[in-house]
Amino acid sequence: MVRLGGTATIPHLEVFQGLETLFRRRGIELDWVLYSDYDVMVEAFTAGEIDLAWNGPLGYVKIRRLLDEPCQVIAMRDVDIGFTTHFIARPGSGIETVEDLKGRSFAFGRRASEQAGLVPHYLLKQAGINPARDLSAASFYEDRQSSARSDERDVVERVASGEFDAGSVSQRTMENMAEDGTLPRDQVRIFYSSQPYSHCCFTARTGLEPSLAQEIEAAFLSVTGSDDVERAVLKGEACNSFVPGIQEGWDLIEAAAVSEGLV
């Protein structure tokens, strides 16, 4: 029996139900459990209570720092490789570089968002800008009243309207907004992009039998959207496919987490 852990959200509940069906089709008995937050799941994984963890990037960084032997990234969504954070501003704002942000206002996403909160806050400090001291306003999504469907869409809307001079948003959100026609192309532009980094991942414990690990990876990679269950899983994960996991790409997240005292 393989035990999979994730955080307690409706999408995870629905996705895990689908994965249970898909794994059992391939002869893999799968059980799953949902935890109140990532830190509780990290504790369960490092204690050996679960075999697989559906990790956010910060959760994975915490796990690999806690374990003496590195765990295995067994699978990822196609959208989780080469993740990028952008800084955006209005055309004609006079903001061409990160240094130009001094004395200007900046909108972050959620504090807990790696791509729109943690990483951009760290990148500003790396560029010599103290958000609390050097910006005229530094606002996280929780500080603002918003009707936007997501924290990053809120950033785009507020920069486009001129309420904030600049803000942080992921490439993925900008692509999604472009696809659904909500990206105000003439009102925002990218003036800085982070190095690409890895995002969410399915993490397997070190002691998992190699043949079983291969079967689990094959089960993830077999999900192509060929039937209703597979389509529901991919829709729930907001991706087109699962891909083999990689061990690289989390150094930026780790450096930001260390800087912010999160690990």
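Keep in mind that this is a model prediction, so the values were computed, not measured. Just the heavy atoms: all of them, side chains too, but no hydrogens, waters or symmetry mates, feed the values below. In this chain, numbering begins with 1 at the start of the sequence shown.
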E69 atom CD, over 12 foreign heavy atoms within 6.0 Å: no

Presence of salt bridge, R153 and E157, under 4.0 angstrom: no

Donor-acceptor pair, side chain of Q115 and main chain of V169, under 3.5 angstrom: no

Distance (rounded to the nearest 0.5 Å) between N240 CG and R77 CZ: 11.0 Å

Side-chain donor/acceptor of E20 to backbone N/O of F16, under 3.5 Å: no

More than 12 heavy atoms from other groups under 6.0 Å of CG on D186: no

Salt bridge (Lys or Arg N to Asp or Glu O under 4.0 Å) assessment of R3 paired with E49: CA-CA 8 Å; R3 288 178 60 82; E49 297 173 10; over 6 Å; no

R158 side chain to D165 backbone, donor-acceptor under 3.5 Å: no

Under-4.0 Å salt bridge between E96 and R189: yes

NZ/NE/NH1/NH2 to OD/OE distance under 4.0 Å, R25 and D227: yes

Can you list, pair by pair, the side-chain donor-acceptor contacts under 3.5 Å of residues 119-126, counting residues two or more places apart and other chains?
{"residue": "H121", "atom": "ND1", "partner": "E260", "partner atom": "OE2", "Å": "3.1"}
{"residue": "K125", "atom": "NZ", "partner": "S259", "partner atom": "OG", "Å": "3.3"}
{"residue": "K125", "atom": "NZ", "partner": "E260", "partner atom": "OE2", "Å": "2.8"}

E215/R26 salt bridge by N-O under 4.0 Å criterion: no

Test item: S105 side-chain N/O and F164 main-chain N/O as donor-acceptor pair under 3.5 Å: no

Residues forming a side-chain contact (heavy atoms from CB on, under 4.5 Å) with T97, sequence neighbours excluded: E99, D100

Main-chain N/O of P244 paired to E217 side chain as donor or acceptor, under 3.5 Å: no

Atom pair CD1/CZ of I95 and R104 - distance to nearest 0.5 Å: 4.0 Å

Path from L22 to M76 over hydrophobic side-chain contacts below 4.5 Å: no

Pair listing, ring pair (Phe, Tyr, Trp, His ring centres under 6.0 Å) test, anchored in residues 203-228, at least two apart: F23-F220, F202-F220, F220-F242

P131 side chain reached by F106 side chain, heavy atoms, under 4.5 Å: no

Working for side chain to side chain donor-acceptor pair (under 3.5 Å), residues S150 and E152: CA-CA 5 Å; S150 79; E152 293 184 55; over 6 Å; no

Listed partners of P11 passing side-chain contact (heavy atoms from CB on, under 4.5 Å), at least two apart: T9

Reported CG-to-CG distance for the pair D51 and L212, which is rounded to 0.5 angstrom: 7.5 Å

CG on D154 to OG1 on T173, rounded to 0.5 Å: 11.5 Å

Fellow cluster residues of M41, listed by chain then number, with links counted only when side-chain atoms sit under 4.5 Å apart: V33, Y35, Y38, V40, V42, F45, I50, I63, L66, L67

Flag, side chain of W250 to backbone of H199, donor-acceptor distance under 3.5 Å: yes

Pair R144-V155, side chain to side chain contact (heavy atoms under 4.5 Å, CB included): steps then yes or no: CA-CA 10 Å; R144 309 186 292 268; V155 169; 3.7 Å; yes

Side-chain donor-acceptor pair present, H12, T7, cut-off under 3.5 Å: yes

Any donor-acceptor N/O pair, S198 side chain to E248 backbone, under 3.5 Å: yes

Pairwise distance CG(L234) to SG(C239) - rounded to 0.5 angstrom: 5.0 Å

S194 side chain to T84 backbone, donor-acceptor under 3.5 Å: no

Which donor-acceptor pairs under 3.5 Å do side chains of residues 251-258 form with protein atoms, sequence neighbours excluded?
{"residue": "D251", "atom": "OD1", "partner": "R64", "partner atom": "NH2", "Å": "3.2"}
{"residue": "E254", "atom": "OE1", "partner": "R64", "partner atom": "NE", "Å": "3.3"}
{"residue": "E254", "atom": "OE1", "partner": "R64", "partner atom": "NH2", "Å": "2.6"}
{"residue": "E254", "atom": "OE2", "partner": "R65", "partner atom": "NH1", "Å": "2.7"}

Residues R111 and E142 bridged, charged N to O under 4.0 Å: yes

Basic-acidic side-chain contact under 4.0 Å: D134, K102: no

Value rounded to 0.5 Å, distance of OG1 in T206 from CD in Q72: 8.5 Å

